[in-house]
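Remarks on the structure that follows.
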Amino acid sequence: MRYLGTRILSMIPVGLAITLVVFLILRLAPGDPVLLLAGPRPTPELIERIERKWGFDRPLHEQFFRYVSHLIRGDLGYSVMQRRPVTELIALSLPVTLELGLAGIGLAIAIGIPAGVVSAVRSGSWVDQLAMFASIAGISIPGFWLGLMLIYAFAVRLKWLPSSGYGTLQHLVLPAVALGTSSAALLSRVMRSSMLDVIRRDYIRTARAKGLAERVVIYKHALKNAMLPVVTILGLNLGYMLAGSVVLENVFARPGMGRLLINGILQRDYPVVQGMLLMLALSVMLANLLADITYVFLDPKIRFD
Amino acid sequence: MSTKVAGKWLALVLAMVMVLLAGCARKTEEAKPTEPEIVKGGTLRITYSSDPTSLDVHLTPSVGLVHSLIYDTLVVFGPDRQYHGHLAESWEVGAGGREITFYLRKGVTFHDGTEFDAEAVKFNFDRLANPDLASPGATWLGPYERTEVIDKYTVKVIFKEPYSPFLYSLSTEFLAIQSPAAIQKYGDDYGQKAAVGTGPFMFEAWEAGDRITLVRNPNYKWPPFWYENKGPAYFEKVIFYNMPDEMTRLLALENAEIDIVGIPTHAVEDMKAKPNVEVYEAETSSVVYLGINSSKAPWSDARLRQAVAHIVDREEIVNVALNGMGVPNPTPISTAVFGYEPSLIEEVVYPRDIERAKTLLAEAGYRDTDGDGWVDKDGKPLVLEIMTYNSDPYPRLAEVVREQIIKAGIKVKIKTLESATLLAATPKGEHDAILIAYGWSDPDILYYFFHSSRLDRTNRVHYVNPQVDQLLEKARTVVDADERFAIYRQIQSIIIRDAPWIPLYTPIACTGVRAEVKGFKLGPRGAYWLHDAYKEVPATK
């Protein structure tokens with residue numbers, strides 16, 4: 001438990017460091033929100049008025065400390081280009097992204113793990129070869145392309161599902177498939193190689209020698225031990241999932257965090273980009289923590305001290 | 001009365017009824033084919049690519065269709081390309097152009113039930129001009145001084161000096177009239193959670209990042225004069241869906257999930273071939289131009305810029321890079337905007353002539369001395385680095401322009417940049433050239449591009465010419481349209497000769513509309529004219 005506490009506490013300095021780096025990078029990048037806000041005919045007076053209004057006329061360190069002092073109170077600032085509190089924007093878009101992310105991961109697990117196990121157990125068979133061919137294809141196909149192809153096939157041609165939008169379960173199917181496919185492919189390969197590795201171990205031979213049913217050997221003894229690298233990949237994959245959802249949210253017109261971030265960057269909407277990147281960093285850290293905790297359940301050799 | 005007589009009477013009555021019924025049936029049968037029935041109700045679905053900053057026109061740097069459906073303006077730009085009264089029925093210019101008196105339409109109410117009057121106009125203009133609000137739209141007011149309420153339906157706007165582009169300003173939604181009562185009631189939430197105007201549609205909901213829903217204003221009876229429909233809009237609702245991806249928008253249109261979508265040039269042929277989509281075309285108020293930095297050597301030598309002007313082939317650019325979706329335009333004003341002067345083409349535009357270009361280069365000291373095909377001076381080749389946007393169609397456009405320019409022995413480098421980065425780079429003046437576009441519906445915009453006071457901002461080609469400065473200043477104070485036109489003609493003639501800009505073409509905007517939407521029109525500036533539009537009930541599949 002102390003380990004957990006330290007891990008969680010250590011997220012605070014990391015979060016602050018990320019905030020500082022993002023803050024500086026944004027201000028070093030060319031372009032600024034004031035110019036975009038001023039429209040096509042900016043006059044010096046208008047620029048000055050806008051800068052004063054949003055506090056961009058202050059020295060950088062002052063802006064940063066003001067931002068952090070608000071941050072500590074849970075205030076992520078106010079979007080320059082959308083004129084709403086950043087927390088409100090995140091609250092609106094987080095469920096959209098979470099829904100897609102979870103559906104994508106769920107799909108990846110539901111397809112990738114069984115495919116990997118079967119491929120390993122029946123290694124060399126046509127099932128294995130088919131699954132591994134499919135996984136290469138799954139890893140190689142870019143998500144946005146797959147997304148557009150899915151829209152064309154299932155929305156435009158077959159008319160089974162809506163092409164884009166957000167709200168119902170039907171709206172979730174295509175983006176979840178587009179997002180989950182490459183993760184499923186990756187998972188199945190990791191699962192397969194890890195499983196093959198475990199199956200050759202002595203304790204599996206012992207289990208078989210004891211006369212245990214092959215099913216029990218595979219699912220109880222082998223699978224549990226083979227899961228460790230898969231959990232690591234899943235944890236790391238979360239970051240990839242978020243990156244993938246940025247693209248897919250655009251393709252499927254879903255009002256999620258990825259799109260908020262992209263718009264924020266294009267419009268130089270500093271508070272939005274800062275808030276979003278901080279949230280993304282936190283969720284990646286949380287995912288890794290979750291993966292670490294899962295290890296303990298899977299492998300008794302690993303313990304928190 | 002005997003039963004026999006009663007029977008006769010009954011027969012007569014029955015016969016009369018039958019004749020009447022038959023007549024009725026006949027009538028409706030005949031009416032159908034001649035006059036298609038206008039279907040009232042239903043939802044019009046439109047897309048947008050990123051959320052507006054605000055629905056409060058005083059707080060947003062750009063306005064669009066959403067604003068134009070919620071709000072009315074005092075003045076509208078009609079199909080005859082002239083300004084007409086709208087919420088202002090007429091106006092008078094006084095004090096040598098320093099004052100304009102507006103006579104307002106009576107009986108107009110805001111969506112919240114409050115009345116539109118002179119006080120509302122004053123409230124809106126004063127709020128827009130208020131420095132504390134830091135309104136992006138404040139520049140549209142020009143040298144605004146104040147607004148005076150003469151009586152309930154008469155209002156006078158007073159400027160510090162005459163301001164000729166004001167009618168154009170008034171026709172944009174930046175100067176649309178919002179309900180003063182609503183602005184006071186909602187405070188900071190106005191524009192985000194409420195928006196109250198006098199327009200044909202009323203704000204219902206805005207789910208940030210996802211959609212904006214408007215409902216019909218049942219009391220609307222003051223559409224601009226060119227519409228046949230004089231009452232409320234036919235559609236019950238208009239929903240704007242946020243769809244940032246171009247491909248997704250086109251698929252949604254094809255799939256009948258969306259009714260109206262702007263079409264990029266590369267997809268026009270494809271969409272025209274679809275049976276359920278009508279493609280509408282309109283010349284835009286934009287000009288795409290090659291701007292050359294006139295303050296940086298060696299391009300500060302006008303002969304070099306003129307040489308480039310002799311080389312570019314606008315027909316080829318439009319055909320190769322744009323699939324023909326543009327009008328070759330060598331003048332700095334769009335073909336669709338007041339001030340466009342085609343007679344300048346014969347008179348001053350440099351005709352395509354590579355030999356003449358080479359002569360001009362030679363006069364400036366650039367010759368191919370070492371026989372490698374590239375001109376040089378003091379051992380250095382002539383290089384033009386063109387910065388352009390990284391979005392369609394600019395990279396393609398830049399390639400075509402490069403292929404043309406290198407024929408004269410000038411080396412061309414292309415640098416594609418994201419728009420915010422490119423625009424932020426130009427004030428430093430370290431660039432050779434930019435290949436970008438602007439869209440504006442009044443020639444006053446030239447002030448911002450060529451006046452020397454704008455060097456650190458929008459004078460991106462760093463052009464300095466005292467004569468042009470003086471003419472630009474004069475033009476904005478001249479109210480008489482003919483006199484104004486003459487001044488802008490002179491300005492354009494100088495700019496075309498000096499060639500800080502080599503204007504290339506005016507883009508044609510294409511809009512894809514579902515075939516079941518009838519009565520849709522594109523206005524002269526490419527605006528969607530929706531008040532006569534309705535949706536035919538689609539045939540069952």
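Side chains are part of it too, since the values below use all heavy atoms of this structure and drop only hydrogens, waters and symmetry mates. Fair warning: this is a prediction, and the values are worked out from it, not measured in the lab. In what follows, every chain begins at residue 1, and chains take the letters A, B, ... in the order their sequences are listed.
For B/W440, the part sitting under 4.5 Å from any heavy atom of chain A is the side chain, from C-beta outward, and nothing else. Looking at A/A38, only its backbone comes within 4.5 Å of chain B, counting heavy atoms on both sides. Contact of B/D132 with chain A is made through the backbone alone, with heavy-atom distances under 4.5 Å. Neither the backbone nor the side chain of B/R249 comes within contact range of chain A; no heavy atom of the residue lies under 4.5 Å from a heavy atom of that chain. Proximity to chain A is absent for every atom of B/L417, based on heavy atoms less than 4.5 angstrom apart. Residue contact with chain A, scored on non-hydrogen atoms closer than 4.5 Å, is absent for B/Y241. Contact of B/T139 with chain A is made through backbone and side chain together, with heavy-atom distances under 4.5 Å. Residue A/L148 touches chain B through both its backbone and its side chain, counting heavy-atom pairs closer than 4.5 Å. For A/E88, the part sitting under 4.5 Å from any heavy atom of chain B is the side chain, from C-beta outward, and nothing else. For a residue to count as touching a neighbouring chain, one of its non-hydrogen atoms must lie under 4.5 Å from one of that chain's; by this rule B/L423 does not touch chain A. Heavy atoms closer than 4.5 Å to chain B are found in the side chain of A/N263, but not in its backbone. Of the atoms belonging to A/V96, not a single heavy atom falls under 4.5 Å from chain B. With a threshold of 4.5 angstrom between heavy atoms, B/A138 approaches chain A through side-chain atoms but not through N, CA, C or O. Heavy-atom distances place no part of B/T60 under 4.5 Å from chain A, backbone and side chain included. No part of A/L260 comes within reach of chain B, as not one of its non-hydrogen atoms sits under 4.5 angstrom from that chain. In this structure, the portion of A/L92 lying under 4.5 Å from any heavy atom of chain B is its side chain and not its backbone. Heavy-atom distances place the side chain of A/Q267, and not its backbone, under 4.5 Å from chain B.
Between chain B and the residues A/G165, A/G167, A/P162, A/G256, the largest count of heavy-atom pairs under 4.5 Å involves A/P162. If you tally non-hydrogen atom pairs under 4.5 Å between each of A/I262, A/L266, A/D269 and chain B, the highest count goes to A/L266.
Inter-residue side-chain proximity for B/M247 and A/V251 is flagged as unmet; no heavy-atom pair is nearer than 4.5 Å. Annotation: side chain of A/R83 is not in contact with side chain of B/D56 (no heavy-atom distance under 4.5 Å).
Here CH2 of B/W206 is found 5.0 Å from CZ of A/R84. Values are rounded to the nearest 0.5 Å. Expressed to the nearest 0.5 Å, how far CD1 of A/I151 lies from CD of B/E254 amounts to 11.5 Å.
No donor-acceptor pair under 3.5 Å is formed between the side chain of A/Q82 and the backbone N or O of B/D51. In this structure, A/R259 contributes its side chain and B/G209 its backbone to a donor-acceptor pair below 3.5 Å. The closest donor-acceptor contact from the side chain of B/D245 to the backbone of A/N250 lies at 3.5 Å or more, if one exists at all. Checked by atom type and distance alone, the side chain of B/T53 pairs as donor or acceptor with a backbone atom of A/M81 at under 3.5 Å. A donor-acceptor contact shorter than 3.5 Å is absent between the side chain of B/E207 and the backbone of A/P255.
Taking a cutoff of 4.0 Å between a charged side-chain nitrogen and a carboxylate oxygen, A/R268 and B/E418 qualify as a salt bridge.
The two residues B/D210 and A/Y166 come nearest to each other via the heavy atoms OD2-CD2, 4.3 Å. For the residue pair A/S164 and B/T248, the shortest heavy atom distance occurs at CB-CG2, 3.6 Å. Taking each heavy atom of A/L89 and B/A208 in turn, the nearest pair found is CD2-CB, 4.3 Å. Between B/P61 and A/L37 the shortest heavy-atom distance is CB-O, 3.3 Å.
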